[in-house]
2 protein chains.
Amino acid sequence: MTTYATELALREAGLRATRQRLTVLDALRGRGDTVTAQDLHMELRQAGEPIGLTTVYRTLAALADAGFLDTFDREGEQAFRLCGDAHHHHLVCETCNTVEEITAEEVERWVHEVASARGFSVTGHRADIFGVCPACRG
Amino acid sequence: MTTYATELALREAGLRATRQRLTVLDALRGRGDTVTAQDLHMELRQAGEPIGLTTVYRTLAALADAGFLDTFDREGEQAFRLCGDAHHHHLVCETCNTVEEITAEEVERWVHEVASARGFSVTGHRADIFGVCPACRG
DNA sequence: GTTGTTGCAAAGAATTTGCAACATA
DNA sequence: TATGTTGCAAATTCTTTGCAACAAC
């Protein structure tokens, strides 16, 4: 179900709306967990989608670069996940890799207090919580 | 200046106090920035220390596993840094890779509030701030 | 038509493993 | 001495690049 809005969003980011990019975005849309390029490529191929591994790597990098995806590190591998527009943090289930987005004014405030107290100019920050989700605990 | 305390700490963690491990710990002790296995190996070799790359990898992994080191991701590469005992967060200079440790009761509190509100059991959390330190801004 | 994109094959880089020699406890 | 550790070389794995065919605008 590729929406027209998706194509617009891609163009806005200076990316052509190719079949492969729409495929990747569609695949990402359904899921709340993180995926690596390798994972996603295999899934898409198994689902019959013709797409190259190189393209999956490049697409995920481009989408992350354009702010469509959040990035995570799964021990050496880079994993990605579709994200909302606003800045947020993450509640990550270490068992199923599902990610819930959380906002936190408390953290934002803390970030600027700490940084300015030490004379740092802030370029970014990240606050993630790791745990096991209710579903995985059974 | 390999202290006896260092050797004890290693044994406590179930690791033998080998020359290589003490060398790595010594090298790490002096610095406030993060290093990768490749970096550290090269530095040690250049300093005349005989140590294998494999060993540096294994040593850093073991030390991190034992809680001696904090780990960071420098785009694909894993970087390490000696850390204090207590739980803390990081103020990272993206220019020189120096890390200042920061404590944050506010964040701890926030972590448990958010997690329990969603039924997650917490296994860990991490709050890092990225920026440019006063020295690098000149 | 132009220019960005794709995908294969090959290259590159980081990291891990097999295994015999070796050092620590 | 028994067992954990080392380090080389080789193998793995993740990721990137060259380049010609191709698709989007």
Side-chain angles (χ1 to χ4, degrees), chain A residues 2-4 6-27 34-46 48-66 68-69 71-80 97, chain B residues 2 4 6-27 34-66 68-69 71-80 97:
Chain A
T2 299
T3 65
Y4 185 58
T6 306
E7 302 187 22
L8 281 183
L10 278 172
R11 284 201 208 93
E12 221 165 285
L15 300 172
R16 289 188 180 175
T18 66
R19 175 180 55 76
Q20 291 88 337
R21 285 179 182 153
L22 295 171
T23 298
V24 166
L25 276 171
D26 267 4
T34 64
V35 266
T36 65
Q38 305 273 354
D39 289 346
L40 187 55
H41 178 246
M42 213 172 64
E43 288 182 27
L44 290 175
R45 291 303 274 264
Q46 285 182 346
E49 294 286 353
I51 189 172
L53 176 58
T54 306
T55 301
V56 175
Y57 269 104
R58 284 194 281 227
T59 300
L60 289 175
L63 291 176
D65 204 55
F68 290 109
L69 310 183
T71 64
F72 296 84
D73 272 294
R74 265 168 35 195
E75 12 197 319
E77 290 181 76
Q78 216 172 354
F80 301 84
N97 288 312
Chain B
T2 299
Y4 186 58
T6 306
E7 303 190 19
L8 281 182
L10 279 172
R11 287 203 205 93
E12 223 167 283
L15 300 172
R16 288 189 181 174
T18 65
R19 175 180 55 76
Q20 290 88 338
R21 285 180 182 152
L22 295 172
T23 298
V24 166
L25 277 171
D26 267 3
T34 64
V35 266
T36 65
Q38 304 273 356
D39 290 346
L40 186 54
H41 177 246
M42 214 173 66
E43 289 182 27
L44 290 175
R45 291 301 275 265
Q46 286 183 345
E49 293 286 352
I51 187 171
L53 176 58
T54 307
T55 300
V56 175
Y57 270 105
R58 284 194 282 228
T59 300
L60 288 175
L63 292 176
D65 203 56
F68 289 108
L69 310 183
T71 65
F72 297 83
D73 273 292
R74 260 162 47 189
E75 15 197 314
E77 292 181 74
Q78 218 172 355
F80 301 83
N97 288 310

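Just so it is clear, the model here is predicted, and its values are computed rather than measured. Labels below follow one simple rule: chain letters A, B, ... track the order of the sequence lines, proteins then strands, and each chain is numbered from 1.
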Is there side-chain contact between A:L60 and A:Q78, with at least one heavy-atom pair below 4.5 Å? no
With sequence neighbours left out, the residues meeting salt bridge (charged side-chain N to carboxylate O under 4.0 Å, His left out) with A:E49 are none
Does any residue of residues 8-17 of chain A have a heavy atom under 4.0 Å from DNA chain C, and if so, which ones, in number order? A:L15, A:R16
Here the gap from A:R58 atom CZ to A:D65 atom CG, rounded to the nearest 0.5 Å, amounts to 14.5 Å
Under 4.0 Å from any heavy atom of chain A: name the first and the last nucleotide of DNA chain D that qualifies, 5' to 3'. D:dC14 to D:dC25
According to side-chain contact (heavy atoms from CB on, under 4.5 Å), who are the partners of B:A64, at least two apart in sequence or on a separate chain? B:L69, B:T71, B:F80
Could you walk me through whether B:L8 and B:R11 pass side chain to side chain contact (heavy atoms under 4.5 Å, CB included), step by step? CA-CA 5 Å; B:L8 281 182; B:R11 287 203 205 93; 3.9 Å; yes
Report the residues that fulfil salt bridge (charged side-chain N to carboxylate O under 4.0 Å, His left out) with A:R19, sequence neighbours left out, ordered by chain and then residue number. none
Hey, mind stepping through A:V24 and A:I51 against side chain to side chain contact (heavy atoms under 4.5 Å, CB included) and telling me if it holds? CA-CA 9 Å; A:V24 166; A:I51 189 172; 4.0 Å; yes
What N/O pairs connect the protein and nucleotides 12-16 of chain C at under 3.5 Å? Give each pair on its own line.
unit_1	atom_1	unit_2	atom_2	d
C:dT15	OP1	B:Q78	N	3.2
C:dT15	OP2	B:Y57	OH	2.8

Are any non-hydrogen side-chain atoms of B:L10 and B:R16 less than 4.5 angstrom apart? no
Could you check how far CD of B:Q20 sits from P of C:dT24, rounded to whole Å? 8 Å
Could you tell me if B:T36 and B:R74 have a donor-acceptor pair between their side chains, going purely by distance under 3.5 Å? no
